[in-house]
**Q** 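Supplied in structure tokens, the structure appears directly below.
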Amino acid sequence: MDLRQLSTINALSDAITVCEYQGVKIIRIIHPMVEAGISLHGGHLLWFKPAGEKDLIWLSKEAEFDVTKAIRGGIPVCWPWFGKAAAPSHGFARTSEWTLSQHRENDNGVIVTLTLEDNQNTRAIWPHKFHNQMTFEMSTELNVSLTSTNTDTQPWSYGGALHTYFNIADINAVTITGMGEEYLDSTQAGKICQGGDVLTFNTETDRVYTHPQTTIEVNDKNNQRTILVTNQGHNAAVIWNPWQELSISMGDMANNSFETMVCVESTIHTPTIDLQPGQTHTLSTRIAVQR
Ligand code: TA6
């Protein structure tokens, strides 16, 4: 199914419509500067394409749209923990229903804001009160920010990630710089390792880089472009490609689809962020193309 061709169930403005696929509501943006789609299930950006550019974000052709599962590809919101720190893996934000709270547009692009607050389901998993706001600023660049507020009477702490899947021409020709040298290797039980200045791929790669530069550069050589990923509010950058064997084992990824994706994630890993009642923290990622 081409999600971009779904029929409209509600037009919010000239550029913004709501459509639905298998019970999942999608905010669809068709604007002279940008095309994008955002699922309310998960508060999850699905596609992003500035005018005249190839898609920047990868979405699995086998992605499952099921309100009990996370969507494979796009930008999953991992919150309030990263990975298997607790269950479910990567937290519950990516399988929760978010609310559209604001949308604005002008000649330059579109801004969409979604919110997620604690409810009976979230408190059964994680017993805290919170208010989360996701803001998507979409123009020639994409700026995604997740602002978390402690609305409880007790402090709590959180981790997570904006787990962006990038669309690349060929993983064998991709190089990444700016991720720093030290990483925890998740394929070796989190062993602390030192890498070089330039990361290339020829096997499963699952790393938590502990001292990334503010901007990480993904050289998508066969698309003749460099994707600049500028993160803030993070303390790590996770880089992931499952390679062939793991892709084959995953029901929501085509067997060879690892060749055209790589994740570079704005991550709160260790330490997690402590928020006192009323306090706020923002995790963000800005994605731009340089030619
Ligand atoms: O961010 C990397 C990672 O944590 C990997 O370990 C890998 O499992 C990936 O995320 C996908 O996780 P998911 O729960 O979406 O299958």
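Remember, it's 1-based here, ligands and their atoms both numbered in the order they're listed.
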**Q** Compare every heavy atom of T164 with every heavy atom of I57, then report the nearest pair and how far apart it is.
**A** CD1-CG2, 3.6 Å

**Q** Suppose I only count heavy atoms of S89 and a 4.0 Å limit; which atoms of ligand 1 are within that range?
**A** 14 (O)

**Q** Under 4.0 Å from any heavy atom of D206, which atoms of ligand 1 are there?
**A** 2 (C), 5 (C), 6 (O)

**Q** Check if G83 has a non-hydrogen atom at a distance under 4.0 Å from any atom of ligand 1.
**A** no

**Q** Please identify which of these residues, K129, R123, H128, H131, meets the side-chain hydrogen bond (donor to acceptor under 3.5 Å, both in side chains) condition with D118.
**A** R123

**Q** Hey, which atoms in ligand 1 end up nearer than 4.0 Å to a heavy atom of H90?
**A** 3 (C), 4 (O), 10 (O), 12 (O), 14 (O)

**Q** What about W47 and W58, are their ring centers closer than 6.0 Å?
**A** no

**Q** Measuring only between side-chain heavy atoms, which start at C-beta, is N219 closer than 4.5 Å to T177?
**A** no

**Q** Enumerate the atoms of ligand 1 whose separation from the nearest heavy atom of E265 is less than 4.0 angstrom.
**A** 1 (O), 2 (C)

**Q** List every atom of ligand 1 that sits less than 4.0 Å from any heavy atom of V238, numbering the atoms from 1 in the order shown and giving each element.
**A** 1 (O), 2 (C)

**Q** Quick one: do W79 and Y158 satisfy ring pair (Phe, Tyr, Trp, His ring centres under 6.0 Å)? Show the steps, please.
**A** CA-CA 7 Å; W79 196 96; Y158 81 100; 5.6 Å; yes

**Q** Of the side chain and backbone of R94, name the one, both, or neither that has a heavy atom under 4.0 Å from an atom of ligand 1.
**A** side chain

**Q** Return yes or no for this condition: an N or O of W240 is under 3.5 Å from an N or O of ligand 1.
**A** no

**Q** Can you report which non-hydrogen protein atom sits closest to atom 13 (P) of ligand 1, along with the distance?
**A** R72 NH1, 3.6 Å

**Q** Decide if the gap between the ring center of Y209 and the ring center of H211 is smaller than 6.0 angstrom.
**A** no

**Q** Where the closest heavy atom to atom 10 (O) of ligand 1 is concerned, which of R207, H163, E204 has it?
**A** H163

**Q** Looking at every non-hydrogen atom in both residues, tell me the closest pair between K69 and H41 and how far apart they are.
**A** O-NE2, 2.6 Å

